[in-house]
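This report concerns only the one structure given below.
None of these values were measured; they are calculated from a predicted model.
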Amino acid sequence: MKYLYLSLLFILFYNNNGEAQVPKKIFVEHFTNTLCSPCASRNPGFYNNLNNQNDAIHISIHSGVPYTQCLLYQQNASPSDARRFYYGIGGTPALVMNGFSVAASSNYSQSSIFTPFQSQTSPISIRMEQQKYGSDSIQVRVIVKAEASHSLGTEQLWVGLAEDSVFYTGPNGEARHYDVYRANLGFSPINIPTTVGDSLVYMYTAFANANWDFDRIFAFTMIQNTSNK
């Protein structure tokens, strides 16, 4: 599925030489559960829809509701709970795009669910570089740059790891799980540079986990508005 590799290589990566807004990616947080029957019926149509989106980054977060027995939830319970609590997610499947919840009644297989978030721009860019060392560690470098004048202040920087495919047949019959959220590297306030061209640099190091296929691990990052997510 092509978006898996796009998210790895070009996640929020922009080059900009002048004062100008940059294209904004569509960041999809997909709350799901391997015991959830509605997830098994709705997720395939959603993934087909997602695969036709060129500018979407997808992270699947296995939720502790409705079933804490979900294996992929248990392997990353606290960070997954933190994202669920952040949005007040009460069931699965559920979609959050760029911090906005998509109505549960929406048809996840229709491209229209992406329409409100297309062709948007941002005055800041994020460049992310990752380097794996052998089969047991990864270093992530995140560069936040002011590309145009803005009124942003202190915002939230989220950095984490995901696994592009997990092959596990869950109780609901789903056998392949995409972009599975595996680790939180940081969710902390940053002061966005006010001078166009100025940058902030953040470094993160993480180590492999026995539950992961380390070759499939990739890093992701996003910035969220502190006041409205």
Should S149 and E19 be marked as a side-chain hydrogen bond (donor to acceptor under 3.5 Å, both in side chains) after you check the CA-CA gap, both sets of side-chain angles, and the distance that decides it? CA-CA 7 Å; S149 299; E19 182 173 348; 2.6 Å; yes
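- To the nearest 0.5 Å, atom NZ of residue K24 and atom CD1 of residue I124 are 8.5 Å apart.
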Working note: L157 + V159, criterion side-chain contact (heavy atoms from CB on, under 4.5 Å); need CA distance, chi angles, decisive distance, verdict. CA-CA 7 Å; L157 176 67; V159 183; 4.0 Å; yes
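- Remark: D164 CG to R182 CZ distance equals 11.0 Å, nearest 0.5 Å.
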For T154 and I190, what are the C-alpha separation, side-chain angles and deciding distance, and is it a side-chain contact (heavy atoms from CB on, under 4.5 Å)? CA-CA 5 Å; T154 300; I190 64 169; over 6 Å; no
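- Between Q118 and Q53 the shortest side-chain heavy-atom distance falls below 4.5 Å.
- Side-chain contact between I138 and F207 is absent, with no heavy atoms from C-beta onward closer than 4.5 Å.
- A ring-ring contact (aromatic ring centres under 6.0 Å, His included) with H58 is found for exactly one of Y178, Y47, F114, namely Y47.
- P193 is listed as a side-chain neighbour of L200, based on a closest heavy-atom distance under 4.5 Å.
- Between V102 and S106 the shortest heavy-atom distance is CG1-OG, 3.6 Å.
- Using modelled atom types, one finds a donor on one side chain and an acceptor on the other under 3.5 Å when comparing N43 with H30.
- Listed here is the closest heavy atom pair of E163 and D213: OE2-N, 3.1 Å.
- Taking 4.0 Å as the cut-off between side-chain N and carboxylate O, R127 and E129 count as a salt-bridged pair.
- What you find for S101 and V96 is that their closest heavy atoms are OG-CG2, 4.0 Å.
- In the hydrophobic cluster analysis, where Ile, Leu, Val, Met, Phe, Trp and Tyr join through side-chain heavy atoms closer than 4.5 angstrom, L152 is grouped apart from I143.
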Apply side-chain contact (heavy atoms from CB on, under 4.5 Å) to Q224 and Y86, showing your working. CA-CA 12 Å; Q224 289 193 279; Y86 187 62; 3.3 Å; yes
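- Members clustered with V166: L71, L72, Y168, V180, by chain and number, using a 4.5 Å side-chain heavy-atom cutoff among hydrophobic residues.
- Between P189 and T226, every side-chain heavy-atom pair lies at or beyond the 4.5 Å cut-off.
- Taking the side-chain hydrogen bond (donor to acceptor under 3.5 Å, both in side chains) definition, one finds that Q156 meets it with nothing, sequence neighbours left out.
- Here S125 contributes atom OG and I223 contributes atom CD1; the two are 8.5 Å apart, rounded to the nearest 0.5 Å.
- Put simply, V140 and Y133 are part of two different groups of oily side chains (I, L, V, M, F, W, Y) that touch within less than 4.5 Å, one to the next.
- Atom CZ of F46 sits about 11.0 Å away from atom OG of S109, to the nearest 0.5 Å.
- At distances below 3.5 Å, at least one donor-acceptor pair connects side-chain atoms of S60 with backbone N or O atoms of D179.
- No donor-acceptor distance shorter than 3.5 angstrom exists from the side chain of E147 to the backbone of A20, with no hydrogens or angles considered.
- Taking the six-membered ring wherever Trp is involved, the centroid distance between the rings of W158 and Y181 falls below 6.0 Å.
- Shown here for R83 and F187, the closest heavy-atom pair between the two residues is NH1-CE1, 3.5 Å.
- For the residue pair S63 and N33, no side-chain donor N or O sits within less than 3.5 Å of a side-chain acceptor on the partner.
- Both the sub-6.0 Å distance and the 45° axial angle are satisfied by R42 relative to the ring of Y108.
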Decide side-chain contact (heavy atoms from CB on, under 4.5 Å) for K132 and S137; before the verdict, give the C-alpha distance in whole Å, the side-chain angles of both, and the deciding distance to 0.1 Å. CA-CA 6 Å; K132 290 182 178 178; S137 66; over 6 Å; no
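- Taking CG of N225 as the start and CD of E155 as the end, the distance is 4.5 Å to the nearest 0.5 Å.
- Looking only at side-chain heavy atoms (C-beta outward), F214 and D136 stay at 4.5 Å or farther from each other.
- Using a 4.5 Å heavy-atom cutoff, the side chains of S165 and H177 are not in contact.
- Pairing each heavy atom of I59 with each of F27, the nearest pair is CG1-CZ, 3.8 Å.
- Residue I89 comes nearest to V65 through the heavy atom pair O-CG2, 4.2 Å, listed as atom of the first residue, atom of the second, then distance.
- E29 contributes atom CD, which lies 10.5 Å from atom OG of S80 (distance to the nearest 0.5 angstrom).
- Two different hydrophobic clusters hold Y87 and Y73 under the rule that ILVMFWY side chains link at heavy-atom gaps under 4.5 Å.
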